[in-house]
Colleague: 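Take a look at this one; I'll ask things after.
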Amino acid sequence: MAGSGAGEGPTLIKQLAACDKSSRDRAVRSLLDGWLPSQSEVSDEEMKRLWKGLFYCVWHADKLPAQTDLINKLSSVLPKLEPGLSLQYFSVFLLTMRREWTGIDKLRLDKFYLLIRRFLNCFFVMLKKSSWDLDFMRRSIRVLVDGTFIADDKFQGNGVNYHIASIFLEEIRPFFPLRKEVVEVLLEPFVGILGKVGDKVLVGKIRSNVFDVLVKTGRRLLELKQSGDEVDESDDVVVFGTIGLVMGFSTKFYELGSSVDCCQGNRKAVLALHEEFLKLEKDLTSLGIDISIPEGNEGNEEDDVPELIPVGGETDANVSNDVLEPVEVNITGSVKKATKKSKKAKKATGDNGKKTKKSKKTECSPADQENDVKLPAEVASSNIEQNGDGDSITFTESVISNLQLQFEKVAAEVGLNSDVATACDLPKVNGAVSKKRKRAKGANGRKPQNGELTGEADGEGDGTAKTCENSTKRVRFSMKSNLVWKPHSPLPPLSLRLPPSVTPRGSALKQGIPPGPIKEMAPMTKKGKKAKSVKKARKVIKSMYPLVKRTKKLKSTSS
């Protein structure tokens, strides 16, 4: 290789195709990071040998992460090279893929499909880097078309052509919107290919994955415009539908189908596309809708970085205190927004810290009413960090420990029984504390049954206990004890009546119709086998007579 030692080039190519992964990784790094970007020109023979090693480097790559990383490295270098060297790198890649395509087995086919897709995407990135220059685009598209669809080599690499035709619109989609001239340069070669190639499969791939998509999206766009529905400008229906309506494909397909140079086998498909696009354009004209290709940002400008808003400092100090609302903490640890009545109660308290109690009926259970305890003013002023007027509360470890002490103190003042389960002892469901109280046990350790109340429950919850009236008796049903035989009506004659399969027992005999007569069957007797020994003996005796006669004849002849 140019710029390398005499024997370094072949050694590098052997390392690219080595079985050892570490050797391949070192060779790829030295090639893509050092040697290749520093070159301004490489001969075709050297580039072919280089891509031979790169092909088998991908061939040996195992497992999806390693394959994806290697493929991204090989394709991402395409936009970084000089324009002439990048086109040579891309053209030799296409040549290598077509040459080696027939040797790829089905187990390795997916990673080479991914390699083609990544290279096609980086090919469009290279065009975007050139600001979608029309002359450079024509040269690049010519390299793509000549190296695949209308290649004059003898390699059986049609699978490469089929895959590129299938993914072309998918890979160009992120770069839209583009100018009308740029779109024409990108899609016009596919029109010419339909009139030149004789491969029916390739014609079908181009028609179904390129032009049929434009027709369907264009028809859908007209329906949405006619119904008045709003559509996002970045939707595929708008992007591809606008191209199908505005680019004038009907005229191009008519000229191609009526020309002498058009392939005779493809003329029918070309004229069918002409009729579809012509109908689409006539519908657009009849509706009187103005549709045009939007002018996109096609420069090589980087995406705008969003402005970051600083957090903390002066920004936190400028937050209005009116937004924050006072909170109310209960024993279970949940935080509730204070109601208007609680705000009025806080305003009514004087400097001495006295509380005003208001009786308010709520729908919560008595256990929840006992657990809801408001914080005293002394706790909020001494143990809680406040911001401004004391609306924002920040809980720390010391604050939580002080709160626990205050809660115990308040619980002692209220007179909570020690037998009542605390918040820490309550069962948790999905990380939250359950509000259901445990059923209290009696003095003898037995749980109270339905209708029984403990001494504490009698004093606190009058009328809340459930009685035994709502309890239901458990009945065990058995099919054998409740079986009733009900024959069809009208009854069949006695001679045709069949016995029931099961005879009812017990109380089942009091209902229904008694069973008919049961026909008794005589027991089956096995037929005895006849003795075959006598017959066999007789056959043996009969078979012996000819032998005796024959021996007598032999004796008479010998004498």
Colleague: Classify the ring geometry of Trp132 against Phe175: parallel below 30°, tilted from 30° to 60°, perpendicular beyond 60°.
Modeller: perpendicular
Colleague: Mind checking ring-ring contact (aromatic ring centres under 6.0 Å, His included) for Phe155 and listing every partner two or more places apart, or none if nothing turns up?
Modeller: none
Colleague: So does Arg173 have more than 12 non-hydrogen atoms from other groups sitting under 6.0 Å from CZ?
Modeller: yes
Colleague: Once the angle between the rings of Phe190 and Phe168 is folded into 0 to 90°, is it parallel (under 30°), tilted (30 to 60°) or perpendicular (over 60°)?
Modeller: perpendicular
Colleague: Is the shortest side-chain N to carboxylate O distance from Arg142 to Asp146 below 4.0 Å?
Modeller: yes
Colleague: Given Asp69 and Lys73, is the salt bridge (Lys or Arg N to Asp or Glu O under 4.0 Å) satisfied, shown in steps?
Modeller: CA-CA 6 Å; Asp69 181 63; Lys73 288 179 180 178; 3.4 Å; yes
Colleague: Measuring from atom CG of Asp133 to atom OG of Ser140, what distance do you get when rounded to the nearest 0.5 angstrom?
Modeller: 9.5 Å
Colleague: Just wondering, more than 12 heavy atoms not from Gln226 lying within 6.0 Å of its CD?
Modeller: no
Colleague: Please identify which of these residues, Trp51, Tyr113, Phe112, meets the ring pair (Phe, Tyr, Trp, His ring centres under 6.0 Å) condition with Phe119.
Modeller: Trp51
Colleague: Would you mind writing out the side-chain donor-acceptor pairs for residues 198-213 within the sub-3.5 Å range, not counting sequence neighbours?
Modeller:
| unit_1 | atom_1 | unit_2 | atom_2 | d |
| --- | --- | --- | --- | --- |
| Asp199 | OD1 | Tyr162 | OH | 3.3 |
| Asp199 | OD1 | Val201 | N | 3.2 |
| Asp199 | OD2 | Tyr162 | OH | 2.5 |
| Lys200 | NZ | Gly265 | O | 2.7 |
| Ser208 | OG | Gly204 | O | 2.8 |
| Ser208 | OG | Lys205 | O | 3.4 |
| Asn209 | ND2 | Lys205 | O | 2.9 |

Colleague: Is the number of heavy atoms from other residues, nucleotides or ligands within 6.0 Å of CD (Glu223) greater than 12?
Modeller: yes
Colleague: Regarding Ser234 and Asp232, do their side chains bring together a donor and an acceptor under 3.5 Å, going by distance alone?
Modeller: yes
Colleague: Should the pair Lys52 and Phe55 be classed as cation-pi, given the thresholds of under 6.0 Å to the six-membered ring centre and 45° from the axis?
Modeller: no
Colleague: Are the charged groups of Lys252 and Glu188 less than 4.0 angstrom apart, N to O?
Modeller: no
